[in-house]
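Index from 1, following the sequence. The model shown is predicted, which means the values in this text are computed figures rather than measured ones. Counting starts at 1 for both ligands and their atoms, following the listed order.
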Amino acid sequence: MTNRLIVITGATGTGKTTVSDYLKEKYKIVPVITHTTRPPRFNEENGVDYYFENDQSFEDNHYLERVKYSNYQYGSSYEGLRKAWKVNPIASIVLDTQGAITYAEKLTNEVEIWFLKVSDERVLRERLIHRGDKIESIDRRMQSSEYRRDLVLPEQLQQTAQVIPSESWSQTKKQVDLLVGKLQEQLV
Ligand SMILES: Nc1ncnc2c1ncn2[C@@H]1O[C@H](COP(=O)(O)OP(=O)(O)OP(=O)(O)O)[C@@H](O)[C@H]1O
Ligand SMILES: Nc1nc2c(ncn2[C@@H]2O[C@H](COP(=O)(O)O)[C@@H](O)[C@H]2O)c(=O)[nH]1
């Protein structure tokens, strides 16, 4: 059976991690754990949500791709992907749009790109407040060039990405269930 990687991308607060958690819980689709120098949020655990690194330890890993997002480093490895594929031929990964483009180029037919879309930026801000992010960190993030860039599906992904409206969870979940069903059919 061929392996597949669902790349979940989109702007901050669109629900990428929520979708990844749902895929894990409902379909046993294993998330690839990536590395970051960002400090953990109150409910995040090292080795589960991320491998939390300092500036020095971040450099000790070999990355398939790495990016800077709102002043912190993020990176993902082939090793993480192989680990996830050992458990399930369908894995998922949460990436900014730059990372999504890199995966689309490097893994071509093995990736499915899902771009989550919320039209009203005020909704995104409210979600981050509700998540418990500090106002300073929300402001810094929403003023970053990465934030603005990730609001729009990049040209390089327009032919291949599935755009998933993410205004409400029931709407998102319905679309996700549909896409997983199609993917499972392709892989039997
Ligand atoms: N479809 C949705 N409808 C309503 N609320 C949602 C939806 N998806 C996520 N949320 C809520 O919005 C907040 C942000 O979601 P999540 O952390 O999954 O976003 P994200 O895209 O992973 O953000 P980031 O890129 O900042 O990590 C969470 O509190 C989550 O419960
Ligand atoms: N290109 C990559 N993007 C990544 C990676 N790990 C996470 N991310 C993306 O970074 C931002 C910020 O994440 P947050 O957890 O601090 O909110 C978000 O868009 C993630 O999707 C990675 O290894 N490579």
With heavy atoms only and a cut-off of under 4.0 Å, state how Arg141 meets ligand 1: side chain, backbone, both or neither. side chain
Gln158: which residues meet the side-chain contact (heavy atoms from CB on, under 4.5 Å) condition with it, sequence neighbours left out? Leu153, Glu155
Do the rings of Tyr63 and Phe58 sit parallel, tilted or perpendicular, given the 30° and 60° boundaries? parallel
Which atoms of ligand 1 sit under 4.0 Å from any heavy atom of Ala11? 21 (O)
Distance filter under 4.0 Å to Ser166 heavy atoms, resulting ligand 1 atoms: 1 (N)
Is a side-chain donor or acceptor of Lys16 paired with a backbone partner of Ala11 at a separation under 3.5 angstrom? yes
Calculate, to the nearest 0.5 Å, the distance between atoms CZ and CZ belonging to Arg131 and Arg41 respectively. 3.5 Å
Select one of side chain, backbone, both or neither to describe which atoms of Thr12 lie under 4.0 Å from any atom of ligand 1, heavy atoms only. both
Check whether any N or O atom of Gly15, backbone or side chain, sits under 3.5 Å from an N or O atom of ligand 1, and answer yes or no. yes
Atom 22 (O) of ligand 1: of Ile129, Thr17, Thr18, the nearest heavy atom sits on Thr17
Side chains of residues 81-89: which donor-acceptor partners sit under 3.5 Å, not counting sequence neighbours?
residue: Trp85; atom: NE1; partner: Arg4; partner atom: O; Å: 2.9
residue: Trp85; atom: NE1; partner: Pro89; partner atom: O; Å: 3.4
residue: Asn88; atom: OD1; partner: Ile90; partner atom: N; Å: 2.9
residue: Asn88; atom: ND2; partner: Lys28; partner atom: O; Å: 2.8

Please output the side-chain donor-acceptor pairs of residues 65-75 that fall under 3.5 Å, not counting sequence neighbours, one pair per line with the distance.
residue: Glu65; atom: OE2; partner: Ser76; partner atom: OG; Å: 2.6
residue: Arg66; atom: NH1; partner: Glu59; partner atom: OE1; Å: 2.9
residue: Arg66; atom: NH2; partner: Glu59; partner atom: OE2; Å: 2.9

Proximal ligand 1 atoms for Trp169, defined as those under 4.0 Å from one of its heavy atoms: 1 (N), 2 (C), 3 (N)
Identify, chain by chain and in numerical order, each protein residue with a heavy atom under 4.0 Å from an atom of ligand 2. Lys16, Thr34, Arg38, Arg41, Tyr50, Glu65, Val67, Tyr69, Tyr74, Gly75, Ser76, Val94, Leu95, Asp96, Gly99, Arg141
Is there any N or O on Leu128 that sits under 3.5 Å from an N or O of ligand 1? no
Using non-hydrogen atoms of the residue, decide whether Ser20 is closer than 4.0 angstrom to ligand 1. no
N-O pairing of Arg125 and Asp139 below 4.0 Å: yes
Residue, atom name and distance, where the atom is the protein heavy atom closest to atom 29 (O) of ligand 1: Arg131 CB, 3.8 Å
With atoms numbered from 1 as shown, which atoms in ligand 1 lie under 4.0 angstrom from a non-hydrogen atom of Thr172? 1 (N)
Which ligand 1 atoms, with their elements, are less than 4.0 angstrom from a heavy-atom of Lys16? 18 (O), 19 (O), 20 (P), 21 (O), 22 (O), 23 (O), 24 (P), 25 (O)
Can you confirm whether the side chains of Ser57 and Asn54 place a donor and an acceptor under 3.5 Å from each other? yes
Is the shortest distance from a Lys or Arg side-chain nitrogen in Arg38 or Glu44 to a carboxylate oxygen in the other one below 4.0 Å? yes
Quick check: does any side chain N or O of Lys182 sit under 3.5 Å from a backbone N or O of Asp177, one acting as donor and the other as acceptor? no
Looking at Arg38, Arg41, Arg127, the heavy atom closest to atom 10 (N) of ligand 1 belongs to Arg127
Where the side chain of Thr37 meets the backbone of Asp55, is there a donor-acceptor pair that is under 3.5 Å apart? no
Which residue in the set Ile93, Leu183, Val19 passes side chain to side chain contact (heavy atoms under 4.5 Å, CB included) when paired with Ile6? Leu183
